Amino acid sequence: MATKPGKGDGKQAKGKLRTSKNKTDGAGGGGGDADDFEAWMKSRQLLKPDDQLDLTEAELGEEITKVLTPTNTNIIRNLVVYSFKEGEFVLAPVPGNTVTLIAFAGNSLHVDSDEGRRQIEESDEIGYPLPMPNYTVVEQRETDNVDGEEGEGEEDDDGANAKDGGVEDEDVEEEDDEEAKGTEGDEGEGEGEGEGAAARQEDDGPAQQAAAVSSKKRKLINQFNYCERGALTYSNPKRNVDTQTIPPPRSQFGANVLQWVIYDSYMENFEESQKDGSKKEDRKRGRREKKFRDKSAIAEQLNKKYLKCWQILERMINQNIYDDIAHDYRYWEDPADEFRDGEGNLLPLWKFQYDKTKKMNVTDILFNPTYYDLFAVCFGSHDFMKQTNEGYLCLFTVKNPSFPDYIIQTDCGVMCCDIHPTYPFLAVIGLYDGNVAVYNLREDCKEPLYVSKGVNCKHGECVWQIKWGLDMADGEVNFFSVSSDGRVFNWILMQNKLWVTTIITLYRENGLVDGPDGTKVTLKSGGSCMVFHPVDNKVFLVGTECGYIYKCSTAFSSKYLMTYYAHNMSVYRIDFNRFNSNIFVSCGADWRVKVWEDMRPDPLFIFDLGAAVGDVKWAPYSSTVFAAVTTEGKVHVFDLNVNKYKAICVQAVVPKRKNKLTRISFNEKLAFIVVGDEKGVTTSLKLSPNLRMMVKPPKKQLYLDQNTLQINKLEKLLSLVRELPEGGTVVPDAATTVRS
């Protein structure tokens with residue numbers, strides 16, 4: 001007999017089905033989900049580092065309080081200002097923590113403020129009224145009427161909705177009562193509803209009307225976005241205007257670009273640039289047109305521009321060719337000096353020469369005082385029986401050793417030169433025939449800016465040395481020259497000519513002799529060199545051909561301030577020490593180099609070099625180092641602080657029998673020298689570290705600069721020599737007198 005299962009049996013059956021289903025899932029395809037869950041749980045486990053600190057439960061449960069304060073720690077709280085009222089310093093108020101980034105001054109007022117209420121009462125409105133939406137209630141009522149006719153039997157279901165929306169219907173009916181009155185003529189239920197609305201309007205009477213009046217009077221707008229009508233501008237409407245034009249005519253042009261076409265175009269462009277400009281340019285152009293009327297002159301101007309470009313290219317090529325020498329010129333340091341005790345050597349660098357001066361002597365070498373890499377070389381002849389018909393002044397630069405940057409050609413040999421320390425483009429030269437000339441290197445080097453003319457406006461014999469002087473009180477530029485005729489001239493650059501004045505005539509002391517006719521004749525000493533005092537610009541030293549050195553002054557010409565019986569033969573060069581203006585060195589044809597102190601008749605040091613000494617110079621970096629060149633072709637470098645008896649470097653630069661060295665000059669910035677010979681070749685030599693050692697300051701006087709240390713070093717050396725008895729001299733040892 002079949003029985004009907006109950007409710008409990010059904011639930012039990014369902015439970016069995018569910019459990020059986022779970023079992024089948026676990027045994028079959030549900031195993032993958034469990035494995036994924038276990039892998040996910042393992043990834044969620046926290047890994048504990050080995051060095052993690054173990055804390056107790058009490059420490060883990062402890063709450064750590066962190067307090068954040070808005071205090072600005074960068075504010076200075078002990079700032080004081082001076083109070084003139086109280087006459088003392090008082091503490092300034094501490095500024096607040098608020099930092100104002102931007103502030104605008106506005107004219108808006110809050111509605112609840114006193115001034116805002118006052119404006120509302122006066123104008124009966126708040127600011128500018130915003131546009132309000134216009135609701136059409138008539139269409140709403142028509143839709144309500146249609147819905148009413150279709151759903152009269154559903155009043156029970158819509159009762160709750162009518163109660164919920166009663167407030168909204170009343171609002172709409174109160175606002176649109178006039179429109180509701182206009183619908184009184186409708187039939188059916190529309191009339192009933194209109195009559196009901198009118199009845200409700202009559203019931204609410206005075207209160208509803210008062211609310212409508214108050215709503216019209218108080219029109220609320222945005223309180224924080226107020227703008228006046230006067231501030232509103234009218235935006236012009238945009239318009240598009242289209243035009244149509246005739247296209248410009250076109251033409252095709254073709255031509256062959258040849259060399260003379262390019263030249264003609266450059267000439268036309270050059271002529272147009274000459275025509276343009278202001279009135280000053282017109283005046284300059286008028287002068288240029290007089291000079292460059294000839295076509296060859298205009299072509300020469302163009303060639304100058306091309307020449308400048310070629311010079312730049314030539315420098316680049318030479319720097320690439322002589323790259324190894326350029327690195328040695330800057331960075332070479334001889335490592336062998338560490339093993340030499342008080343000795344050094346010279347590294348040959350470049351050789352500078354000009355093809356037209358191969359058979360001439362180098363008569364003078366001078367570095368430019370402004371551009372340290374530029375130096376001037378004079379070419380002439382020291383052999384009076386073999387004088388050339390031309391001379392040269394060439395300015396070389398270490399950036400281009402193959403060709404001089406500036407070339408000045410003269411009608412006779414150039415014996416000396418000097419470059420102005422303030423105007424580095426002004427160069428003055430002294431010639432073999434006794435004339436002097438001034439050149440402006442910025443302009444044409446073919447014609448001199450000033451030149452001496454006439455028999456009375458020149459020296460009677462060769463000009464041996466020339467020096468620029470300080471500008472005069474009225475700003476006029478001047479220079480001095482000395483010659484074999486025994487006179488020292490002062491040349492002043494006037495507006496159109498050179499004005500010459502005799503400073504002193506070098507008469508010999510006790511030089512009165514009987515003339516052919518029985519009268520007394522005073523003998524003159526021929527000047528061979530001169531140098532000005534580095535401190536007192538009125539004092540200068542003059543070396544003579546008879547071996548004397550005269551100390552003279554430009555203030556008067558009647559007496560000598562001091563006479564030094566220096567050498568037995570002609571004095572070739574004199575040079576002052578850079579660190580002590582009372583110390584100077586001289587050299588001559590008697591093979592000797594002597595170091596002197598001002599107003600001391602005897603020399604401090606005497607060195608015999610075994611050959612005629614052509615030139616000697618003090619080093620600009622050390623107070624005890626000087627170098628000299630001899631006719632044997634050797635360069636001698638002395639350091640009195642290392643060895644007071646002989647040179648620390650003697651090196652042959654040219655062959656002894658075929659060539660002779662004549663001039664030497666130190667570079668003012670870098671440690672190298674330039675020497676000239678009788679074959680017209682100028683050689684540059686780099687000094688090794690032992691020849692340019694600086695003074696190390698003592699441990700307790702590390703603040704002393706190098707200039708002070710050099711002065712102290714020289715004073716310490718001179719104090720040893722000054723201790724000798726009066727009239728005594730420094731007796732050289734055998735190593736000094738032997739030819740080196």
Side-chain angles (χ1 to χ4, degrees), residues 340-348 361-365 382-383 528-529 543-549 564-575 583-596 602-619 624-666 673-679 681-683 685 687-688 690-691 721 729-740:
R340 299 191 186 103
D341 188 10
E343 294 182 359
N345 63 345
L346 302 172
L347 175 68
N361 300 341
V362 176
T363 55
D364 199 3
I365 298 177
H382 287 147
D383 190 352
S528 58
C529 60
T544 61
E545 295 178 352
C546 59
Y548 296 161
I549 297 177
Y564 302 92
Y565 301 96
H567 297 271
N568 298 324
M569 298 178 70
S570 176
V571 181
Y572 284 157
R573 276 293 185 267
I574 306 171
D575 191 31
I583 305 299
F584 62 92
V585 63
S586 64
C587 67
D590 58 351
W591 302 2
R592 287 178 173 82
V593 174
K594 298 183 180 181
V595 180
W596 303 81
D602 299 327
L604 300 176
F605 298 94
I606 302 175
F607 301 96
D608 191 343
L609 304 186
V613 185
D615 196 359
V616 63
K617 287 289 190 303
W618 284 102
T624 58
V625 176
F626 63 89
V629 292
T630 63
T631 56
E632 288 185 344
K634 295 181 180 180
V635 177
H636 299 254
V637 181
F638 293 85
D639 191 347
L640 301 179
N641 190 43
V642 177
N643 194 330
K644 298 187 288 293
Y645 303 104
K646 64 179 181 179
I648 62 175
C649 176
V650 179
Q651 185 167 330
V653 180
V654 295
K656 176 180 179 181
R657 298 179 180 179
K658 297 181 180 180
N659 204 348
K660 300 177 182 179
L661 294 181
T662 56
R663 292 290 181 260
I664 186 173
S665 180
F666 277 90
I673 60 176
V674 177
V675 296
D677 56 26
E678 289 187 343
K679 301 296 184 180
V681 179
T682 306
T683 307
L685 304 166
L687 301 172
S688 66
N690 283 353
L691 302 180
V721 183
T729 58
V730 179
V731 180
D733 59 354
T736 308
T737 56
V738 175
R739 294 186 182 182
S740 55

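Note that this is a predicted model, so its numbers are computed, not measured.
Residues Trp618 and Val585 meet the side-chain proximity criterion, which asks for heavy atoms closer than 4.5 Å. You'll find the side chain of Cys649 reaches within 4.5 Å of the side chain of Leu346, heavy atoms only. You'll find the side chain of Leu685 stays beyond 4.5 Å of the side chain of Leu347, heavy atoms only. No side-chain heavy atom of Lys634 sits less than 4.5 Å from a side-chain heavy atom of Val629. Val571 has its side chain out of reach of Tyr548: every pair of non-hydrogen atoms, C-beta onward, lies at least 4.5 Å apart. In this structure, Trp596 and Ser586 have side chains that are in contact, with non-hydrogen atoms separated by less than 4.5 Å. Proximity of Ile648 to Phe638: side-chain heavy atoms (C-beta onward) are nowhere separated by under 4.5 Å. At least one side-chain heavy atom of Asn690 sits under 4.5 Å from a side-chain heavy atom of Arg340.
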side-chain contact (heavy atoms from CB on, under 4.5 Å) for Arg663 and Arg573? Distances and angles first, verdict last. CA-CA 10 Å; Arg663 292 290 181 260; Arg573 276 293 185 267; 3.2 Å; yes
Leu604 and Ile583: side-chain contact (heavy atoms from CB on, under 4.5 Å), yes or no, with the steps? CA-CA 9 Å; Leu604 300 176; Ile583 305 299; 4.2 Å; yes
Using the side-chain contact (heavy atoms from CB on, under 4.5 Å) rule, take Leu691 and Val625 through it: C-alpha gap first, then chi angles, then the decisive distance, then the call. CA-CA 8 Å; Leu691 302 180; Val625 176; over 6 Å; no
side-chain contact (heavy atoms from CB on, under 4.5 Å) between Arg592 and Val613, intermediate numbers included: CA-CA 7 Å; Arg592 287 178 173 82; Val613 185; over 6 Å; no
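The two residues Trp591 and Ala612 come nearest to each other via the heavy atoms CD1-N, 3.2 Å. Glu678 and Asn659 get closest at one heavy-atom pair: N-OD1, 3.2 Å. Closest approach of Ala647 and Val650 over heavy atoms only: CB-CG2, 3.9 Å. The heavy-atom pair separating Gly543 from Ile574 by the smallest distance is N-CD1, 3.8 Å. Closest non-hydrogen pair, Glu632 versus Ala611, comes out as CG-CB, 3.5 Å.
To the nearest 0.5 Å, atoms CD1 (Ile365) and CD1 (Ile673) are separated by 10.0 Å. To the nearest 0.5 Å, atom OH of residue Tyr572 and atom CG of residue Asp590 are 9.5 Å apart. Taking OG from Ser528 and CE from Met569, the interatomic distance works out to 12.0 Å, rounded to the nearest 0.5 Å. Note that SG of Cys587 and CZ of Phe626 are 10.0 Å apart. Values are rounded to the nearest 0.5 Å. Between the CG atom of Asn361 and the CG atom of Asp677 there is a distance of 8.5 Å, given to the nearest 0.5 Å. Put simply, CG on Asn641 and OG1 on Thr624 are 5.0 Å apart, with the number rounded to the nearest 0.5 Å.
Taking a cutoff of 4.0 Å between a charged side-chain nitrogen and a carboxylate oxygen, Asp615 and Lys617 qualify as a salt bridge.
Ring pair Phe584/Tyr564: centre-to-centre distance below 6.0 Å.
Checked by atom type and distance alone, the side chain of Thr631 never pairs as donor or acceptor with a backbone atom of Lys660 at under 3.5 Å.
The environment of Asp341 atom CG is sparse: at most 12 non-hydrogen atoms of other residues, nucleotides or ligands sit within 6.0 angstrom.
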